[in-house]
Amino acid sequence: MNVVAATGTRRFALIGTPNSGKTALFNALTGSRQKVANYPGVTVERKSGTLPMPSGRSVSLVDLPGTYSLRARSPDEEVTRDAVLGRLAGETPPDLLVCVADATNLRLSMRLVLELKRVGRPLLLVLNMIDIAHRRGVEIDLERLSAELGVPVITAAAVRRGGTDDLLRRLDELAATDLTAPGEHGWQAPTITELRAAQREADRIIKLAVRMPAKPDNLTTRLDAVLLQPVIGLVILLCILFVMFQAVFSWAQPLMDIISSGFAALGAGVHNSLPDGLLRSFIQDGVISGVGSVVVFLPQILILFLFILLLEDLGYMARAAFLMDRIMGGAGLHGRAFIPLLSSFACAIPGIMATRVIDNPRDRLTTIMVAPLMTCSARIPVYTLIISAFIPNTQVWGLVSLQGLVMFGLYAAGIVSALGVSFLAKYFFWRDNPTPPFMLELPDYKLPQPRSIVIGVIMRAKMFLHRAGTTIFSMMVLIWFLASFPRPPAGATEPAINYSLAAILGHAIEPLLAPIGFNWQISVALIPGMAAREVAVAALGTVYAIEGGKEAAEQIGQALAGKWSLATALALLVWYIFAPQCASTLAVIKRETGSWKWMAITFAYMLALAYLGALITYNVAVALGAG
Amino acid sequence: MTVKNGHPAKPAASSPLGHAPRGFRGRIDAIAVGNETSGLPEGELERRLIELGFTEGAAIQILHEGAFGRDPIAVRINDATVALRRREAMAILVI
């Protein structure tokens, strides 16, 4: 077996505690030669890449999710445990475990190394961030450390150019040797006594091999004195969020305009080169505008992830969770839920995917359920259309525009309802389970490494585009089908959609929606609007037979202002705060929770809130004379 | 509780970290998970605390606390900083 292994591709696995700089090291080692996929059956990312070995030998490196111990507590950590133990179905057990430790903070990593030793696979310890440790005056006796641990040790500085050369050479040498597992795989979950003993042993080794500087570096402490100050800290957090939103919404706009005019031009090209008929309609309205309506959010998602990755690498995200924990906790959410909910302002899909960092299943489920209530950017076209058509552009108290105020109110309503729903979920669903703990390491602040950030953002972009090309694409085709079949009869005068299945459905649900002030045109537009919220804008245009170019939205607004009452417009705004009008989000919820049940619950509660909210709004507005 | 330079001025009984004020400096005397449930299986809270470095004898200091109800707290434990809620910190007895 070993003869075969020595000639075939070697598989090395990177493992380490959170904040050990493992991902930065992985990015430095594999660069753009990496692949992100999912482990079969679970929604845990599998990141792997090939190593550029000096000898040209073929070695693949897999980046396992960070963990403090093999005692898995979350799906991510289970993957790490099973991969290390060679129990993961469909995965060849790793030939070598490469354990990454933060050289400036060895305590927790040492205990993990001692635990990994018991697995009995070949093991190499990498002291990462050795440059920072040297600068701070931390002295590490590598020989002593290696002798005491019984594990080879090598240093690396992932963020420095050439900082991984030694490591790469060493890995190359190891790949050439016979990497037979020396012992039986005798790992068992350690008891409390064994954990204590292991930490004591780790502390003993550190005392022997590491000398900390007499004057510790206190930059992090000094920064935290301001950034974690109860009042100033929250104000700074709000400022950071403000800049982030500004960036997501204004910097992305020019790029989004380019993408949408690109898709429009593509559609027009198809329109001109194909004869009128089903094929043209399918390619132009189903494929190009369907995929385009999702891809247009790419710039926003990229900017959002750029900020998230920057803040994460800086070490600020854990602080944000610390500052927000009490506020989130009051609503029954984990401090870490802050990050996914924040992402949901751009799009609920990355937000729901980001809930993987929450280890407690209950906290994670609650976060997934309320994430779609945050005002995602797909609601913006709907909101701006209705606000500009129906809300007068006047100043309130001479300071703020009424339109801006309504927009702010819609965002606030989203946040308040998300917190409210999670509070109710805590009260009704989880009453018998006490709140799970919040415990989080606050890493030292570090300057982010541009290369690592760029790789991270590109990976996110690829994942998003992949989804837009598969799940979302098939949803769009389905909805195009509903809006196009059956075909209009010969000599039809009305828009084609008015003869379609969507129209039949729209008319069927119209009596249900009449109490909330929706006419049949809105009901019909809501059917294709299930694909994505902003599709409803175009669908309204289609129903009212407005041929769209770039100025379509304005024309639709003018047409609506003449056709709807203010009460109907307000009811539709409130409907959009809550309504589960996004097939992709529902698909992601199904995938991330692994069950139809939670998708159905989310759909049902959002629909109920939307109906109730719109009903109240419509009737109050009519009573006030806006009918 | 008079504590100077990390050494108790006189032998003092240990008290829960969850009650200690910001700026407190001391050592961990014991990890004692009480009856108040943490929502975790038995022994799990103790394991997690140990895995984050809360072991007997470790030097500990409360660096920061949250704006509301002085919760959660950020503690320096040897050379690392960890955030946790006061409720879980009740299981950490310090002197």
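Chain naming here is simple, since letters A, B, ... match the order of the sequence lines and numbering starts at 1 in each.
A salt bridge does not link A/Arg107 to B/Asp79: none of the charged nitrogens lies less than 4.0 Å from a carboxylate oxygen. Between A/Arg326 and B/Glu65 there is no salt bridge, since no side-chain nitrogen of the basic residue lies less than 4.0 Å from a carboxylate oxygen of the acidic one.
Looking at heavy atoms from C-beta onward, B/Glu46 lies out of side-chain contact with A/Leu195 at the 4.5 angstrom threshold. You'll find the side chain of A/Ile192 reaches within 4.5 Å of the side chain of B/Arg47, heavy atoms only.
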For B/Thr55 and A/Gln199, what are the C-alpha separation, side-chain angles and deciding distance, and is it a side chain to side chain donor-acceptor pair (under 3.5 Å)? CA-CA 8 Å; B/Thr55 49; A/Gln199 189 61 61; 5.5 Å; no
Verdict with supporting geometry, A/Arg71 and B/Glu44, side chain to side chain contact (heavy atoms under 4.5 Å, CB included): CA-CA 10 Å; A/Arg71 247 171 22 79; B/Glu44 180 62 23; 3.0 Å; yes
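Looking at A/Arg196, the atoms closer than 4.5 Å to chain B (heavy atoms on both sides) sit in the backbone and in the side chain alike. Proximity to chain B is absent for every atom of A/Arg319, based on heavy atoms less than 4.5 angstrom apart. A/Asp203 touches chain B through its side chain: at least one heavy atom from C-beta onward sits under 4.5 Å away, while N, CA, C and O do not.
Taken to the nearest 0.5 Å, the OG1 atom of B/Thr81 stands 7.0 Å off from the CG atom of A/Asp224. Going from atom CG of B/Asp71 over to atom CG of A/Asp325 covers 7.0 Å, rounded to the nearest 0.5 Å. With values rounded to the nearest 0.5 angstrom, A/Arg200 atom CZ is found 9.0 Å from B/Ile50 atom CD1. Taken from CZ in B/Arg76 to CG in A/Asn218, the straight-line distance is 9.5 Å, to the nearest 0.5 Å.
When B/Gly66, B/Pro72, B/Ala67 are compared by the number of non-hydrogen pairs under 4.5 Å with chain A, B/Pro72 comes out ahead. Highest contact tally toward chain A, considering only B/Ile31, B/Leu49, B/Leu52, is held by B/Leu52 [criterion: heavy-atom pairs under 4.5 Å].
Residue A/Phe322 comes nearest to B/Ala83 through the heavy atom pair CD1-CB, 3.5 Å, listed as atom of the first residue, atom of the second, then distance. The two residues B/Glu88 and A/Phe438 make their nearest non-hydrogen contact at OE1-N, 3.6 Å. When all heavy atoms of A/Leu234 and B/Phe68 are compared, the pair lying nearest together is CD1-CE1, 4.0 Å.
Environment of CZ in A/Phe423: sparse, with no more than 12 heavy atoms of neighbouring residues, nucleotides or ligands closer than 6.0 Å.
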